[in-house]
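Below is one structure, written out as structure tokens; comments come after it.
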Amino acid sequence: MTFVFKLFQNRKGTVLLTLLCCVGSVVSTLLWNKNLAVMIDGVQAGSGLEGSCVAWCVGFLVTAALFQGAMQFFAGYAGEYAVHDLRMRLARVTMRRDYADLAKENSAELISVQQNEMEDINRYISDNLFTLCTTVVNFVFNLVFLLTQNAKLTLLYLIPVAGMAVYTTLSGKVIYRYTKREQEQQKKMNGVAGTLLSLFPVVRIYAAEGLLKESYRSRIDGWKNAVVTQEKTKARLMSVSGMLSCIPLVLLMLVGGRMVFKGTLSIGMLYVFINLSGNVSGVMINISVHLANFRRFCGNLERVWESMETEGEREHECAVTGD
């Protein structure tokens with residue numbers, strides 16, 4: 001997490017605006033659902049639709065859409081500039097390094113950091129990072145809202161969800177372990193490929209093509225096996241998560257339907273529970289995937305940052321900060 005804060009240290013204001021717009025969108029959506037429940041209850045009771053209630057629903061719906069659009073704008077702005085800052089910093093560090101130090105390192109692994117890891121970071125920030133933040137905010141606000149509307153039904157609904165949370169947390173750690181292994185195998189494969197290309201004339205002179213080809217083939221096989229094992233493990237774990245995800249909704253329908261017949265819960269509020277329950281259980285169901293992707297992102301970010309932690313970079317930072 002330290003590296004994530006470092007990445008956005010120059011974009012704090014934009015990140016804060018993104019989070020505020022996210023909160024505004026979620027709150028507007030919850031208020032819209034609450035007014036929708038009132039409308040459904042009114043129709044069920046035979047009193048029809050009230051104009052003021054419809055106006056409030058439309059207003060909250062438009063407000064949520066405006067907040068959502070603003071959030072996407074600020075998220076895109078913060079993400080693009082954060083990646084740009086990181087690329088420029090990496091380029092400055094590379095340009096200041098001595099040629100003798102660069103010659104000692106594997107050029108293919110250096111290129112892998114500047115291309116593969118940076119591309120993964122850029123892709124995750126563009127597609128997943130702020131989506132993850134939105135998911136967390138959605139989860140917290142929806143959970144609090146459901147608890148305030150009917151604590152008994154919410155707590156009963158959360159019993160199987162809590163078990164799913166334990167399962168998905170453990171499965172997320174397993175997926176991360178296999179993901180890290182796949183990344184290491186890919187790095188080794190790129191290192192051998194870079195060596196083969198840079199030393200190809202020498203290899204031809206000494207007729208060592210077979211030796212290097214065998215080494216490269218073994219690296220490819222290691223990477224392929226790591227990828228296949230990772231995907232198989234992820235598929236098994238996510239299949240179990242998919243089956244478990246049906247339990248909370250079934251329990252909600254059974255318990256909530258019984259409460260409606262007994263008159264302790266309105267049909268409109270039951271609809272709202274069904275409509276919003278996915279924002280709570282969905283986070284639990286997919287938490288292993290979110291954790292695995294976030295840990296992969298942090299691993300890539302850590303490798304890029306460590307490649308910039310040279311003595312020259314530290315001296316430059318000290319000179320700038322006056323430490």
Side-chain angles (χ1 to χ4, degrees), residues 19 21-45 53 56-58 60-61 63-65 67-68 71 128 130-172 237-294:
L19 295 178
C21 290
C22 177
V23 171
S25 175
V26 172
V27 171
S28 299
T29 302
L30 292 177
L31 292 174
W32 173 76
N33 275 276
K34 189 169 183 178
N35 277 271
L36 182 62
V38 174
M39 291 173 59
I40 293 175
D41 291 337
V43 172
Q44 192 268 338
C53 190
W56 278 111
C57 280
V58 173
F60 286 131
L61 191 62
T63 303
F67 273 124
Q68 184 70 20
M71 183 195 68
N128 296 310
F130 289 101
T131 301
L132 177 60
C133 295
T134 304
T135 301
V136 172
V137 172
N138 240 325
F139 170 77
V140 173
F141 277 78
N142 279 271
L143 179 59
V144 172
F145 175 79
L146 294 178
L147 284 171
T148 57
Q149 299 305 308
N150 194 303
K152 180 181 177 181
L153 182 59
T154 304
L155 292 175
L156 287 173
Y157 168 75
L158 288 177
I159 291 175
V161 174
M164 293 169 56
V166 175
Y167 170 79
T168 52
T169 300
L170 295 176
S171 61
L237 294 174
M238 294 308 298
S239 296
V240 176
S241 291
M243 290 186 291
L244 292 175
S245 66
C246 300
I247 299 176
L249 184 59
V250 172
L251 184 62
L252 181 62
M253 292 289 292
L254 291 175
V255 178
R258 190 164 180 266
M259 294 175 70
V260 169
F261 282 115
K262 291 174 64 176
T264 57
L265 183 72
S266 69
I267 191 171
M269 189 52 63
L270 177 60
Y271 172 80
V272 170
F273 264 82
I274 296 173
N275 192 30
L276 297 179
S277 62
N279 294 333
V280 178
S281 61
V283 176
M284 299 297 189
I285 296 168
N286 298 313
I287 193 66
S288 59
V289 177
H290 289 310
L291 287 175
N293 291 334
F294 183 72

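What you see below is based on every heavy atom in this structure, not just the backbone, and it leaves out hydrogens, waters and symmetry mates.
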Quickly, which of Asn142, Thr134, Thr135 forms a side-chain hydrogen bond (donor to acceptor under 3.5 Å, both in side chains) with Asn138? Name it, please. Asn142
Between Ser28 and Phe67 the two heavy atoms that sit nearest each other are OG-CD1, 3.9 Å
With Cys57, which residues qualify under side-chain contact (heavy atoms from CB on, under 4.5 Å), at least two apart? Trp32, Asn35, Met39
Rounded to the nearest 0.5 Å, the CG atom of Leu254 sits from the CG atom of Leu156 at a distance of 11.5 Å
Could you tell me which non-hydrogen atom of Leu146 sits nearest to which non-hydrogen atom of Phe273, and how far apart they are? O-CZ, 3.6 Å
Determine whether Ile159 and Leu155 make a side-chain contact, defined as any pair of heavy atoms from C-beta on separated by less than 4.5 Å. no
Quick check: does any side chain N or O of Ser277 sit under 3.5 Å from a backbone N or O of Ile274, one acting as donor and the other as acceptor? yes
Between Leu30 and Phe141, which heavy-atom pair has the shortest distance, and what is it? CD1-O, 3.7 Å
Let me see the working for Lys34 and Phe145 under side-chain contact (heavy atoms from CB on, under 4.5 Å), right down to the final yes or no. CA-CA 10 Å; Lys34 189 169 183 178; Phe145 175 79; 4.2 Å; yes
Compare every heavy atom of Ser25 with every heavy atom of Ala64, then report the nearest pair and how far apart it is. O-OG, 3.5 Å
Could you give all pairs that pass the side-chain hydrogen bond (donor to acceptor under 3.5 Å, both in side chains) test and reach residues 249-272, with sequence neighbours left out? Asp41-Ser266
Quick one: does Val38's side chain get under 4.5 Å of Trp56's, heavy atoms only? no
Within the structure provided, determine whether Thr29 and Phe60 are in side-chain contact (heavy-atom separation under 4.5 Å). no
Taking side-chain contact (heavy atoms from CB on, under 4.5 Å) as the definition, give me every residue that meets it alongside Leu265, ordered by chain and number, with sequence neighbours left out. Asn150, Leu153, Met259, Val260, Met269, Leu270
Measure the shortest side-chain to side-chain distance between Leu143 and Thr154 over non-hydrogen atoms and say whether it is less than 4.5 angstrom. yes
Take atom CD1 of Ile267 as the centre, draw a 6.0 Å sphere, and report whether it contains more than 12 heavy atoms from other residues, nucleotides or ligands. no
Nearest-0.5 Å distance that lies between atom SG in Cys22 and atom CD in Gln68: 7.5 Å
Can you name the nearest heavy-atom pair linking Val23 to Val137, along with the distance? CG2-CG1, 4.1 Å
